[in-house]
Trainee: 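Have a look at this one.
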Amino acid sequence: MNLGPVSLIGAALALAFSVGSAHAASTLAEVEQAIVPVASWGGTPAIEAKARRHQITHITLHHQGEPFKPGTDPQAYLRRLQAWSRAEKGWLDIPYHYVIDLDGRIYGARDIAFAGDTNTEYDPKGHALIEVVGNFEEVEPNQQQLDAVVKLMAMLAAKHDVPLDAIQSHRDYSDKTVCPGENLYRYVKGDYFRHKVALRLAQEQAAK
């Protein structure tokens, strides 16, 4: 597994061994098993013949960019997003591979085997795209969302051998967007996610 940079994962390993692996809320396999599949939220699979296949080399964070009020049904939102993506944008599917709601629940969206889409100029081929609901230019992410981002990023990094320095955000690849919003981006810019992911990966290793 390509975990780099060495100093970060080394520090995380030391911490993991000092606190023990019992503090991990769930194994990465359990994180993956808990993802709500497309069929469960009422989505339909993409037509594979139209898909652009890829191998994951990056993990890239996005936000919804619109308000998401408490009490909004995330499954209805996903169905609307899928319909809009196909009918209005002509895309294969929802542009993101995973969507995280206000409660930190993770939903499967576009098949991870298929490259995503974007309204900006960067090519998302090779990127595992994560959307967090809300507009983080206007609101703060809650702790459940932050924790879910860490768990999902760690699972993806372990499964696809993604290095820590390839964990970034939409605005790191495009100067035409503020996505994922300043209030979420500071967790990317300040290496919060990389440090937390390194710790989760170290805990997973320590438990083996």
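Fair warning: this is a prediction, and the values are worked out from it, not measured in the lab.
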Trainee: Decide whether Ile130 and Leu102 are clustered together by the hydrophobic rule: side chain heavy atoms of Ile, Leu, Val, Met, Phe, Trp, Tyr closer than 4.5 Å, transitively.
Mentor: no
Trainee: NZ of Lys125 to NE2 of His58: how many Å apart, nearest 0.5 Å?
Mentor: 13.0 Å
Trainee: Does Thr118 form a side-chain contact (heavy atoms from CB on, under 4.5 Å) with Asp123? I'd like the steps, not just the answer.
Mentor: CA-CA 8 Å; Thr118 173; Asp123 183 0; over 6 Å; no
Trainee: Applying the 4.5 Å side-chain criterion to the ILVMFWY set and letting contacts propagate, would Tyr98 and Trp41 be lumped into a single cluster?
Mentor: no
Trainee: Looking at Tyr185, does the NZ or CZ of Arg171 lie under 6.0 angstrom from its six-membered ring centre and within 45 degrees of the ring axis?
Mentor: yes
Trainee: Using 0.5 Å steps for rounding, measure from the CD atom of Glu204 to the CG atom of Leu201.
Mentor: 8.0 Å
Trainee: Hydrogens and angles aside, do Asn183 and Glu137 bring a side-chain donor and acceptor to less than 3.5 Å of each other?
Mentor: no
Trainee: Side chains of Ser169 and Cys179, heavy atoms from C-beta outward: is any pair under 4.5 Å?
Mentor: no
Trainee: Check the pair Met155, Glu30 against side-chain contact (heavy atoms from CB on, under 4.5 Å), reporting the backbone distance first and the verdict last.
Mentor: CA-CA 9 Å; Met155 184 277 289; Glu30 289 168 340; over 6 Å; no
Trainee: So do the side chains of Tyr107 and Tyr77 get within less than 4.5 Å of each other, counting heavy atoms only?
Mentor: no
Trainee: Passes side-chain contact (heavy atoms from CB on, under 4.5 Å), Asp117 versus Arg110? Steps please.
Mentor: CA-CA 10 Å; Asp117 280 295; Arg110 180 177 298 219; 2.7 Å; yes
Trainee: Working to the nearest 0.5 angstrom, can you tell me the gap between Asp93 CG and Thr44 OG1?
Mentor: 7.0 Å
Trainee: With rounding to the nearest 0.5 angstrom, report the CZ to OG1 distance, Arg200 to Thr27.
Mentor: 8.5 Å
Trainee: Judged by atom type as modelled, is there a donor-acceptor pair below 3.5 Å linking the side chain of Thr72 to the main-chain atoms of Lys69?
Mentor: yes
Trainee: Taking the six-membered ring for Trp, are His62 and Tyr96 ring centroids under 6.0 Å apart?
Mentor: yes
Trainee: With distance as the sole criterion, is a donor-acceptor pair present between the side chains of Tyr173 and Gln168 under 3.5 Å?
Mentor: yes
Trainee: Minimum heavy-atom separation for Val38 to Ala109, with atom names?
Mentor: CG2-O, 3.2 Å
Trainee: Just do the salt bridge (Lys or Arg N to Asp or Glu O under 4.0 Å) check on Lys196 and Asp147 with the steps written out, would you?
Mentor: CA-CA 9 Å; Lys196 291 289 189 178; Asp147 291 346; over 6 Å; no
Trainee: On a heavy-atom basis, which atom in Pro67 and which in Glu138 lie closest, and how many Å separate them?
Mentor: CG-OE1, 4.1 Å
Trainee: Quick one: do the Lys89 and Asn119 side chains pair a donor with an acceptor below 3.5 Å?
Mentor: yes
Trainee: Applying a strict under-4.5 Å side-chain criterion to I, L, V, M, F, W and Y, I'd like to know whether Leu184 and Ile59 cluster together.
Mentor: yes
Trainee: Is there a chain of hydrophobic side chains (I, L, V, M, F, W, Y, each step under 4.5 Å between heavy atoms) that links Val36 to Ile94?
Mentor: yes
Trainee: Is any side-chain heavy atom of Ile100 less than 4.5 Å from a side-chain heavy atom of Val133?
Mentor: no
Trainee: Check the angle between the aromatic planes of Tyr187 and Tyr192 and answer parallel, tilted or perpendicular using the 30° and 60° thresholds.
Mentor: perpendicular
Trainee: Are the side chains of Gln145 and Asp103 in touch, meaning some heavy atoms are under 4.5 Å apart?
Mentor: no
Trainee: Can you tell me how far the NE2 atom of His127 sits from the NE2 atom of His97, to the nearest 0.5 Å?
Mentor: 10.5 Å
Trainee: Do Glu66 and Asn135 come within less than 4.5 Å of each other through their side chains, counting heavy atoms only?
Mentor: no
Trainee: Whether Arg194 and Asp165 form a salt bridge (side-chain N of Lys/Arg under 4.0 Å from carboxylate O of Asp/Glu) is what I want to check.
Mentor: no
Trainee: For Val197 versus Ala157, what's the shortest heavy-atom pair and its separation?
Mentor: CG1-CB, 4.5 Å
Trainee: With side chains defined as the heavy atoms from C-beta onward, is the minimum distance between Val162 and Thr57 less than 4.5 Å?
Mentor: no
Trainee: Which of parallel (below 30°), tilted (30 to 60°) and perpendicular (above 60°) describes His170 and Tyr122?
Mentor: tilted
Trainee: Specify the closest pair of heavy atoms between Met153 and Ile167, including all atoms of both residues, with the distance to one decimal.
Mentor: SD-CG2, 3.6 Å
Trainee: Kindly indicate whether the side chain of Pro180, heavy atoms from C-beta on, has any atom under 4.5 Å from the side chain of Phe136.
Mentor: no
Trainee: Any chain of hydrophobic side-chain contacts (each under 4.5 Å) joining Phe68 to Leu78?
Mentor: yes
Trainee: Are more than 12 heavy atoms, taken from residues, nucleotides or ligands other than Glu121, located less than 6.0 Å from that residue's CD atom?
Mentor: yes
Trainee: Do the side chain of Asp191 and the main chain of His195 share a donor and acceptor less than 3.5 angstrom apart?
Mentor: no
Trainee: What's the spacing between Lys151 NZ and Ile106 CD1 if we round to 0.5 Å?
Mentor: 5.5 Å
Trainee: How far apart are the closest heavy atoms of Pro95 and Leu129, and which atoms are they?
Mentor: O-CD1, 3.3 Å
Trainee: Within the side chain of His160, is there an N or O that forms a donor-acceptor pair under 3.5 Å with the backbone of Leu156?
Mentor: no
Trainee: With a 4.5 Å heavy-atom cut-off, do Glu131 and Leu81 have their side chains touching?
Mentor: yes
